[in-house]
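See below for the structure under consideration.
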Amino acid sequence: MTAQRPLTYDAFAELAAADPAVVGLVLKGSRAHEGMTTEHSDHDLYVVLADGATTALTRFTGHRTPELDLVVLSLDEFRTAGMPGFERYALARARIVLDRLDGGIAQILASKARLDADEAFREAGEWLDAYANSLYRSVKNDRDGHTLAARLDAADSIRFLLELLFTLDRRPRPYNKYLEWELARFPLPGWDNGMLLDTANRISGMGDVSAQRRLFAQVEVVARRAGHGAVLDACA
C-alpha cells in the first residue's frame, strides 16, 4: 500500500488467494448482508492462515482503511473467534470468499450460527431475568412519575428481550442494524415478527406500559414452555 494507491479489497483478495498459507477468506458486515451495502460500506475481511504457516501477509495485521479492514489470524484462532461475544453474529452471517478446507471454513461458521443446547438454556435464563427486572423497573418508574427513567428502563428491557428470543432459538442476536434484515429472512418461530418489531419500537420510544404488559404476557408463555418458569417465579 502507498499513500497514493491504498490497498483495495479486490487487490488484496487476489494476493491472498495466491498464497498457499491462506486457507480461508471470510467477508463480514454489510457486504455479507444482501441489500445492506451503501456507498459508505467498507470490506471487513477475515484472513485465515493454516496453523503454523509463515507468510508475508502477516504484515497486513491490523490494516484498517475506509476501503478495507483486515483481521489476519490462524485457523485455530478463527475457530474460537467470537465464541462467545459480540462478534459471533457477524461471523454467523459472514460470506465465504475462499475455503480451501473442503467446507471446513463453512462448518466453523455454521457452528457460530448455532448455540448448543446447554449454552442456550443457561444464557436464556440470564436474559429472561434481566428482561423481567428491567420491565418491572420501567413500570414502577412510570407509576411513580419518573418518565425518563421509565423510558430508559423500557429501552433496556427490549435489548434484553431480543437477546432472550434469539437465544431461545439458539441463535446469536443480530446487531440492531441487521435486526429487520434478519427477521425478514430468518423469522423467529412462533412470533408475528412484524408485530414484535412494531411493539419493540413503541416500547423503546415511548415506554408504553400497556404494550409492555401485553408483550410480557406472550413472553411468559414462551419462557415457561422452554423451562424457565423458576426464573419468572423468582422475579415475582
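Annotation for Asp102: atom CG does not count as buried by contact number, only 12 or fewer foreign heavy atoms lying within 6.0 Å. Within a 6.0 Å radius of CZ in Arg64, other residues, nucleotides and ligands contribute 12 heavy atoms or fewer. Within a 6.0 Å sphere centred on OH of Tyr136, other residues, nucleotides and ligands contribute 12 heavy atoms or fewer. The environment of CZ in Arg213 is sparse: at most 12 heavy-atom neighbours from other residues, nucleotides or ligands sit within 6.0 Å.
Between the side chain of Thr37 and the backbone N or O of Ser30, at least one donor-acceptor pair lies under 3.5 Å. Distance alone, capped at 3.5 Å, is enough to place a donor-acceptor pair between the Thr58 side chain and the Thr55 backbone. Side-chain N or O atoms of Asp19 include one that pairs as donor or acceptor with a backbone N or O of Ala21 at under 3.5 Å. A distance-only check finds a donor-acceptor pair linking the side chain of Asn193 to the backbone of Leu188 [under 3.5 Å]. When atom types are taken as modelled, the side chain of Asp99 and the backbone of Ala106 share a donor-acceptor pair closer than 3.5 angstrom. Looking only at distances, no side-chain donor or acceptor of Trp127 sits under 3.5 Å from a matching main-chain atom of Leu165. Side chain of His33 to backbone of Gly29: a donor-acceptor contact under 3.5 angstrom is found.
When all heavy atoms of Ala32 and Arg93 are compared, the pair lying nearest together is CB-O, 3.6 Å.
Under the 4.5 Å side-chain criterion, counting only non-hydrogen atoms from C-beta, Leu57 is in contact with Leu15. Contact check for Phe166 versus Leu183: side-chain heavy atoms found under the 4.5 Å cut-off. Within the 4.5 Å cutoff, the side chain of Arg171 has no heavy atoms near those of the Tyr89 side chain. Between Val222 and Trp191 there is a side-chain heavy-atom pair separated by less than 4.5 Å. Inter-residue side-chain proximity for Lys177 and Met36 is flagged as met; some heavy-atom pair is nearer than 4.5 Å. Within the 4.5 Å cutoff, no side-chain heavy atoms of Pro66 are placed close to those of Asp42. Residues Leu73 and Val47 are not in side-chain contact: their nearest non-hydrogen atoms beyond the backbone lie 4.5 Å or more apart. The side-chain heavy atoms of Tyr9 and Arg31, taken from C-beta on, include no pair separated by under 4.5 Å.
To the nearest 0.5 Å, atoms OG (Ser204) and CG (Asn176) are separated by 9.0 Å. Taking CD1 of Ile105 as the start and CG of Leu25 as the end, the distance is 9.0 Å to the nearest 0.5 Å. The line from CD1 of Ile203 to CG of Asp153 is 13.0 Å long, rounded to the nearest 0.5 Å. How far CZ of Arg143 is from OG of Ser138: 11.5 Å, rounded to the nearest 0.5 Å. Distance check, rounded to the nearest 0.5 Å: OH of Tyr46 to CD of Glu87 gives 3.5 Å. Note that CG of Leu161 and CG of Leu135 are 9.0 Å apart. Values are rounded to the nearest 0.5 Å.
When hydrophobic clusters are built by joining Ile, Leu, Val, Met, Phe, Trp and Tyr residues whose side-chain heavy atoms come closer than 4.5 Å, directly or via intermediates, Leu98 is grouped together with Leu7. Val231 and Phe160 fall within a single hydrophobic cluster, where Ile, Leu, Val, Met, Phe, Trp and Tyr side chains are chained together by heavy-atom contacts under 4.5 Å. Hydrophobic clustering keeps Val71 apart from Leu27 (ILVMFWY residues linked when any side-chain heavy atoms are closer than 4.5 Å, directly or through intermediates). The same ILVMFWY cluster, assembled from side-chain heavy atoms under 4.5 Å apart, contains both Tyr131 and Leu179.
In summary, the side chains of Ser134 and Arg137 do present a donor paired with an acceptor at a separation below 3.5 Å, with no hydrogens or angles considered.
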For salt bridge (Lys or Arg N to Asp or Glu O under 4.0 Å), just list the numbers for Glu220 and Arg224, CA-CA rounded to whole Å, side-chain angles, deciding distance to a tenth of an Å, and then say yes or no. CA-CA 6 Å; Glu220 181 177 12; Arg224 289 189 183 279; 3.1 Å; yes

Where do Arg79 and Asp51 land on the side chain to side chain contact (heavy atoms under 4.5 Å, CB included) test, with the steps shown first? CA-CA 11 Å; Arg79 286 193 181 96; Asp51 291 326; 4.1 Å; yes

Before giving the answer on side chain to side chain contact (heavy atoms under 4.5 Å, CB included), spell out for Gln212 and Asp208 the whole-Å C-alpha distance, their side-chain angles and the decisive distance to 0.1 Å. CA-CA 6 Å; Gln212 290 190 74; Asp208 187 323; 5.8 Å; no

Test side chain to side chain contact (heavy atoms under 4.5 Å, CB included) on Leu168 and Leu128 and set out the steps. CA-CA 10 Å; Leu168 286 173; Leu128 176 60; over 6 Å; no

Take Glu119 and Arg88 through the test salt bridge (Lys or Arg N to Asp or Glu O under 4.0 Å) and record every step on the way to the result. CA-CA 14 Å; Glu119 175 189 19; Arg88 186 167 184 172; 2.9 Å; yes

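The aromatic rings of Phe12 and Phe60 sit perpendicular to each other, their planes meeting at more than 60°, with 30° as the lower class boundary.
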